[in-house]
Q: 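Let me give you the structure first, and then I'll get to my questions.
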Protein chains: 2
Amino acid sequence: MSMNNFELYKVFYWAAKTGSLTKAAKTLFLTQPSVSHAIKQLEDSFGVALFSRNSKGVSLTPEGATLYSYIEQSHILIGLAEEKMAELKKLDSGELRIGGSDSLFKHYLLPYLEAFHDEHPGIKLQLIHGTTPEIITFLKEGRIDLGVVRMPIVDPQLEVREGIQLRDCFVAGSRYAELKGQLLSMEQLLEYPIILFSRNSRARKAVNDLFNSHGHDLKPGIEVGSVDLLIELARKGLGISFITREFVSRELEEGSLFEVKLDVKMPVAQVGIMTLRNIPLTQAASEFLGRIG
Amino acid sequence: MSMNNFELYKVFYWAAKTGSLTKAAKTLFLTQPSVSHAIKQLEDSFGVALFSRNSKGVSLTPEGATLYSYIEQSHILIGLAEEKMAELKKLDSGELRIGGSDSLFKHYLLPYLEAFHDEHPGIKLQLIHGTTPEIITFLKEGRIDLGVVRMPIVDPQLEVREGIQLRDCFVAGSRYAELKGQLLSMEQLLEYPIILFSRNSRARKAVNDLFNSHGHDLKPGIEVGSVDLLIELARKGLGISFITREFVSRELEEGSLFEVKLDVKMPVAQVGIMTLRNIPLTQAASEFLGRIG
DNA sequence: AGGAGCTATAGATCATGTCTATGAATAATT
DNA sequence: AATTATTCATAGACATGATCTATAGCTCCT
């Protein structure tokens with residue numbers, strides 16, 4: 001296995017393509033003797049003449065033509081590769097794969113995603129939703145570039161940046177207008193029907209723990225599976241929803257919902273943006289990260 | 001247009017393929033720092049990380065994987081090219097294109113062609129027949145590697161090697177047995193029906209000139225278009241054939257034909273093997289030339 | 001804690017690619 | 001026919017840059 005210096009093939013390519021060692025030299029910003037020497041090296045290594053030299057340049061011998069048919073392809077591929085890398089660098093292509101919960105996508109990331117997409121329409125966006133442990137698995141398997149979940153995350157393989165702070169709260173609609181401005185105790189609150197996000201969500205666990213630690217048991221009247229439904233049901237007056245305040249900021253502003261304040265401090269949750277420690281980010285991911293931070 | 005040193009891609013290929021800079025270094029007979037440095041150059045040139053370094057080697061980033069998909073192809077092509085060149089050198093493949101007359105192919109080149117083909121069955125043989133000027137044109141157009149014709153050839157672009165000497169003569173079959181061993185004059189010969197090769201052949205022109213220079217006119221009783229027919233008709237007794245002696249050596253030996261001797265010196269023709277001056281020969285052609293010479 | 005992997009970094013070295021200068025051949029000028 | 005302008009080849013000097021040695025840092029495993 002001899003294996004020539006690949007650089008020689010670049011010289012050969014241009015010599016063959018231009019039909020002139022002099023022109024090849026100019027193309028490659030070399031001198032003509034350098035090109036002459038490079039071609040000679042190739043010819044010596046193969047023991048075969050690649051060009052016939054005539055008075056107005058060079059032309060390929062049959063063997064040279066055979067070689068060229070391979071090298072041309074090869075050269076084109078490298079050219080494409082270099083173009084592609086430039087594209088990736090300029091964020092004209094590539095992809096950005098983010099894992100998280102649908103509600104975080106919608107209520108937290110959406111504006112960033114929109115801006116990013118506007119600026120880099122060539123980047124394919126992929127949003128993968130799942131639970132926090134699922135997201136972590138995806139990240140470790142290399143299926144996503146970023147994970148966006150609620151803190152705390154403790155995993156030595158992960159590097160976690162802090163995102164927005166989420167403050168959970170109870171909200172109600174006009175049906176319970178009498179509670180507006182009041183400060184309720186847990187007991188008082190528990191007399192109303194409560195709407196909670198279902199299952200294994202971190203927010204749900206946090207609020208249950210909070211009530212338990214005060215000797216109460218928070219049992220929902222209604223359990224739903226989406227943040228949108230939490231909002232909708234609260235507006236319709238079916239109960240008091242436990243929800244992340246940032247997700248209902250619009251409704252709170254326009255007055256279709258108001259916060260039901262408790263006399264205990266509500267838990268604060270950090271959004272964490274996870275990446276794999278020591279694994280380089282893609283261009284797209286690092287650009288996107290810069291925007292969130 | 002920046003254009004990296006292609007040699008870097010060779011290093012990148014092996015680093016990606018082996019998943020280890022150390023292994024790549026061993027493959028390339030380099031040291032690990034050299035490989036590390038080469039990869040760094042590539043990464044700097046693209047402004048993108050190509051590998052993530054972990055404790056047991058390296059693995060491609062998405063950008064690195066993109067690059068690899070191109071470089072792998074490119075590398076494979078160069079590998080194929082180098083294999084192909086080795087094949088051409090070893091005469092395991094390639095082609096040999098010879099121009100000439102059918103009779104020269106059959107009666108002069110055939111044994112060489114057979115031997116060459118036996119030894120190098122991978123070489124595709126191509127025989128192109130035509131008149132001398134046609135052969136010369138083919139040669140200059142690069143459609144054949146060698147031309148085999150009768151001398152003299154005068155063309156500054158051509159390099160001519162001498163091949164076998166051809167001595168033309170008249171031959172007859174048993175029908176004219178009385179002429180065997182005799183020395184005829186031109187007048188005497190002209191009383192017999194003469195069989196000549198037709199038209200614009202060089203041999204025909206030579207013999208006509210010979211007779212003209214002695215004040216005679218050689219008019220054929222029969223004109224044929226192939227050497228085989230010249231032989232066949234003479235054997236069948238339809239006349240006396242003018243033919244190249246080397247083409248009927250078998251018949252002369254076995255006695256089915258005998259030479260009709262004239263009292264004038266018969267012209268001698270050299271076979272010339274033409275190649276283009278200053279144009280390198282293919283491996284196959286130069287090997288073949290060595291055998292003829 | 002120690003060892004055995006791995007890669008990164010710094011700096012010295014030296015080989016290799018590149019240059020200059022020149023020659024030789026051919027073709028187009030004059 | 002002599003001149004000029006191309007082309008590529010060759011030789012030798014030079015310097016760039018690839019490669020090496022030595023070392024450090026990190027992670028994993030015993």
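Quantities reported herein were computed from a predicted structural model and do not represent experimental measurements. In what follows, every chain begins at residue 1, and chains take the letters A, B, ... in the order their sequences are listed.
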Q: The criterion is side chain to side chain donor-acceptor pair (under 3.5 Å); which residues satisfy it with A/Ser52, sequence neighbours excluded?
A: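 In terms of side chain to side chain donor-acceptor pair (under 3.5 Å), with neighbours along the sequence ignored, A/Ser52 is linked to A/Ser59.
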Q: Classify B/Val35 by what it touches in the nucleic acid, base, sugar-phosphate, or nothing, heavy-atom distance under 4.0 Å.
A: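 Nothing: the residue B/Val35, judged by heavy atoms under 4.0 Å, touches no strand.
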Q: Taking salt bridge (charged side-chain N to carboxylate O under 4.0 Å, His left out) as the definition, give me every residue that meets it alongside B/Lys84, ordered by chain and number, with sequence neighbours left out.
A: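 For B/Lys84, the residues satisfying salt bridge (charged side-chain N to carboxylate O under 4.0 Å, His left out) (neighbours in sequence not counted) are B/Glu87.
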Q: So, A/Tyr70 versus B/Glu83: side-chain donor-acceptor pair below 3.5 Å or not?
A: no
Q: Please collect all salt bridge (Lys or Arg N to Asp or Glu O under 4.0 Å) contacts where either partner lies in residues 28-43 of chain A, sequence neighbours excluded, each pair once.
A: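 Every pair satisfying salt bridge (Lys or Arg N to Asp or Glu O under 4.0 Å) with a residue in residues 28-43 of chain A: A/Lys40-A/Asp44, A/Glu43-A/Arg53.
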Q: Tell me, please, the opening and closing nucleotides of DNA chain C, 5' to 3', among those with an atom under 4.0 angstrom from a non-hydrogen atom of chain A.
A: C/dG17 to C/dA28
Q: Identify, with sequence neighbours excluded, every residue that meets side chain to side chain contact (heavy atoms under 4.5 Å, CB included) alongside B/Ser34.
A: B/Leu30, B/Thr31
Q: Going by side chain to side chain donor-acceptor pair (under 3.5 Å), name the residues that satisfy it together with B/Arg291, two or more places apart in sequence or in a different chain.
A: B/Glu119, B/Glu287
Q: Among residues 59-68 of chain B, which contact DNA chain D at a heavy-atom distance under 4.0 Å?
A: none
Q: Going 5' to 3' through nucleotides 17-30 of chain D, assign each nucleotide B (protein heavy atom under 4.0 Å from a base atom), S (under 4.0 Å only from sugar-phosphate atoms) or - (no protein heavy atom that close).
A: -SBBBB----SS--
Q: Kindly say if A/Arg53 contacts the phosphate of D/dA9, meaning a side-chain N or O under 4.0 Å from OP1 or OP2.
A: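 Checking D/dA9 against A/Arg53, a side-chain N or O does come within under 4.0 Å of OP1 or OP2.
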Q: Which residue pairs satisfy the salt bridge (Lys or Arg N to Asp or Glu O under 4.0 Å) criterion with at least one member in residues 146-161 of chain A, sequence neighbours excluded?
A: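 Residue pairs with at least one partner in residues 146-161 of chain A: A/Lys140-A/Asp155, A/Arg150-A/Asp168, A/Glu159-A/Arg161.
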Q: Just to verify, what does B/Ser55 make a side chain to side chain donor-acceptor pair (under 3.5 Å) with, not counting sequence neighbours?
A: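 Partners of B/Ser55 under the side chain to side chain donor-acceptor pair (under 3.5 Å) test: none.
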Q: Tell me, which pairs form a salt bridge (Lys or Arg N to Asp or Glu O under 4.0 Å) where one or both residues lie in residues 96-105 of chain A, sequence neighbours left out?
A: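 Salt bridge (Lys or Arg N to Asp or Glu O under 4.0 Å) check on residues 96-105 of chain A returns A/Arg97-A/Asp145.
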Q: For A/Ser103, what residues pass the side chain to side chain donor-acceptor pair (under 3.5 Å) criterion, not counting sequence neighbours?
A: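 With neighbours one apart ignored, the set is A/Ser101.
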